[in-house]
Undergrad: 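Got a structure here, written out as structure tokens. Questions coming.
Only a predicted model underlies this, so the values are computations on that prediction, with no experimental measurement involved. In what follows, chains are A, B, ... by sequence order, proteins preceding strands, each numbered from 1.
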Number of protein chains: 2
Amino acid sequence: MTKAAARLELPVPPRARRSHAERTTETRAKIIAAVVDSIAAIGFQRTTAQEIARRAGVTWGAVQHHFGGKDELLIAVLEESFNRFAERLDDVSLEGSDLATRAALFVDRAWAHFRSHHYRSSFEILLNHLGRAAEPADADWRTRMARAWDRVWTRIFADSPLPRQQSLALQHFTISALSGLASTSMLGGTRAATPKRQLELLKRTLARELRTAR
Amino acid sequence: MTKAAARLELPVPPRARRSHAERTTETRAKIIAAVVDSIAAIGFQRTTAQEIARRAGVTWGAVQHHFGGKDELLIAVLEESFNRFAERLDDVSLEGSDLATRAALFVDRAWAHFRSHHYRSSFEILLNHLGRAAEPADADWRTRMARAWDRVWTRIFADSPLPRQQSLALQHFTISALSGLASTSMLGGTRAATPKRQLELLKRTLARELRTAR
DNA sequence: CCATTTACATATTGCCTACAAGGCAAATTG
DNA sequence: CAATTTGCCTTGTAGGCAATATGTAAATGG
């Protein structure tokens with residue numbers, strides 16, 4: 001038990017002996033979750049090494065052991081968030097519904113990601129930490145996200161007559177609207193309500209544009 | 001001449017004696033511009049006191065003299081950006097055009113703000129520095145921006161049959177789409193192209209929604 | 001069973017940051 | 001003209017931060 005846990009006076013149930021692999025998996029997950037929650041709660045800048053260690057219930061030495069340093073940890077958080085994003089979108093079967101219904105469900109599913117802590121932490125990590133360095137990893141992230149989005153979009157809206165160029169613009173528009181709604185919520189704090197009318201408008205716009213060729 | 005200017009080896013033309021008021025105005029403007037440009041170029045986190053002083057061509061002592069400290073300076077930058085935003089929107093006369101034309105011109109004018117360095121710096125200041133403290137100033141900023149936007153919107157689209165509640169939702173949707181496009185550009189760096197198709201889509205959506213009552 | 005490896009904690013270090021205090025030159029004011 | 005005020009520079013300081021080095025306990029493997 002760490003001193004941190006002791007200080008919190010949480011009853012820590014006696015645990016059976018655990019393998020290194022078990023401990024590694026659990027600790028890494030705790031550390032990554034700590035970063036995501038910390039950025040969402042107090043912002044990237046205040047998410048210091050000590051704060052991450054505190055929230056994860058370990059010391060920074062443990063974080064270093066697992067990740068090497070803060071940069072590598074943040075990259076691991078991006079990876080985890082991307083995987084959740086891709087899985088969330090991939091795990092959708094909308095075949096058989098009409099276009100408007102599929103557009104609505106797609107927007108709902110996508111919004112679930114954009115309003116999540118994982119999106120916020122990814123956004124702030126990219127904006128504050130990686131986005132300026134013009135690192136290859138940065139471009140890679142955008143490409144990977146765009147490809148994951150396009151893959152799902154193409155599958156769900158395969159019957160749309162929209163030409164490719166306009167489909168890409170519509171995808172980008174949808175991402176922008178959702179991320180704009182998310183950043184409004186970010187600046188507004190957790191008290192911001194779900195923007196239902198705006199999401200309905202986005203769904204109607206999508207449905208209309210998807211069935212219109214021009 | 002500061003050492004910084006001397007190092008840049010810029011020819012500094014001999015100046016007539018200047019009043020304190022002139023110097024104050026010029027120096028404050030230089031410092032605010034330095035913050036805006038620095039955040040846009042290298043991000044909020046790297047925009048240190050020393051970096052601001054360097055870009056402004058003064059020392060931090062001068063910044064302290066004029067603004068008191070970094071917090072006060074950032075608030076002054078927000079104020080300046082807000083004034084430019086409000087002036088930019090107010091300085092629009094669209095009467096006489098049909099709804100679609102006005103929607104298009106409004107979106108163009110608003111986009112000019114959202115893609116500006118002033119918007120980026122305001123966004124990052126609010127996100128990184130003020131947005132977390134749950135300060136009264138933060139809520140004040142959102143309220144002021146929303147009111148300025150609504151004032152212009154109501155004037156330009158006075159003939160729209162849209163009920164108030166839906167007009168507010170449409171305004172928020174428009175802001176979200178524009179800020180989403182802006183944040184996509186932020187993450188993409190200055191090389192990001194103007195999202196022409198997306199802006200056209202926003203204009204069409206606006207025009208349609210504005211003339212539809214439901 | 002023991003040597004080795006791994007997971008993690010602790011103490012220390014070096015650097016960066018914003019800020020405060022004092023001083024000088026120029027402008028202002030009575 | 002002299003006292004005062006203002007604009008700005010220089011220097012020093014305190015605190016925060018990530019990273020490093022070292023040590024201990026637990027798990028592993030031969």
Undergrad: Closest-nucleotide mapping onto DNA chain C: is B:A49 or A:R28 further toward the 5' terminus? I mean the 5' end.
TA: A:R28
Undergrad: Nearest to the side chain of B:V58 - D:dC9, D:dT5, C:dA9?
TA: D:dC9
Undergrad: Round to the nearest Å and state the distance from A:L73 atom CG to D:dA19 atom P.
TA: 10 Å
Undergrad: Should B:D108 and B:K203 count as an ion pair when the cut-off is N to O under 4.0 Å?
TA: yes
Undergrad: Looking at the side chain of B:H20, which of D:dA18, C:dA7, C:dA26 is the nearest nucleotide?
TA: C:dA26
Undergrad: Does A:R23 place a side-chain N or O at less than 4.0 Å from the phosphate oxygens OP1/OP2 of C:dT6?
TA: no
Undergrad: Please determine whether any donor N or O and acceptor N or O are separated by less than 3.5 Å between the side chain of B:Q50 and the base of C:dA18.
TA: no
Undergrad: Using a cut-off of less than 4.0 Å, is there contact between a side-chain N or O of B:T48 and OP1 or OP2 of C:dC16?
TA: no
Undergrad: What is the distance, to the nearest angstrom, from the CZ atom on A:R54 to the P atom on D:dA18?
TA: 14 Å
Undergrad: Taking atom P of D:dT11 as reference, at what distance in whole Å does atom CH2 of B:W60 sit?
TA: 19 Å
Undergrad: Would you mind reading off the distance between A:K30 atom NZ and C:dA7 atom P, rounded to a whole angstrom?
TA: 14 Å
Undergrad: For B:F44 and C:dA18, what is the distance between atoms CZ and C1' respectively, to the nearest whole Å?
TA: 12 Å
Undergrad: From CD of B:Q64 over to P of D:dT11, roughly how many Å is that when rounded to an integer?
TA: 15 Å
Undergrad: If each of A:G61 and A:Q45 is mapped to the nucleotide of DNA chain D with the nearest heavy atom, which maps nearer the 5' terminus, i.e. the 5' end?
TA: A:Q45
Undergrad: Do the side chains of A:R84 and A:E87 get close enough for a salt bridge, i.e. N-O under 4.0 angstrom?
TA: no
Undergrad: Under 4.0 Å between a side-chain N/O of A:T27 and OP1 or OP2 of C:dA7, yes or no?
TA: no
Undergrad: Can you find a pair of side-chain heavy atoms, one from A:F106 and one from A:V152, that are under 4.5 Å apart?
TA: yes
Undergrad: Is the phosphate of D:dG7 approached by B:H65 (side-chain N or O, under 4.0 Å from OP1 or OP2)?
TA: yes
Undergrad: Would you say A:N128 and A:Q45 are linked by a side-chain donor-acceptor pair, where the criterion is simply a distance under 3.5 Å?
TA: no
Undergrad: As a quick check of understanding, evaluate side chain to side chain contact (heavy atoms under 4.5 Å, CB included) for B:E209 and A:L201, giving each step before the final call.
TA: CA-CA 9 Å; B:E209 292 294 319; A:L201 173 52; 3.3 Å; yes
Undergrad: Can you figure out which of C:dT10, C:dA27, C:dC19 approaches the side chain of A:T59 most closely?
TA: C:dT10
Undergrad: Rounded to the Å, how far apart are B:I52 CD1 and D:dC8 P?
TA: 16 Å
Undergrad: Nearest of C:dC19, C:dA7, D:dG7 to any side-chain atom of B:T24?
TA: D:dG7
Undergrad: From CZ of B:F67 over to C1' of D:dG7, roughly how many Å is that when rounded to an integer?
TA: 13 Å
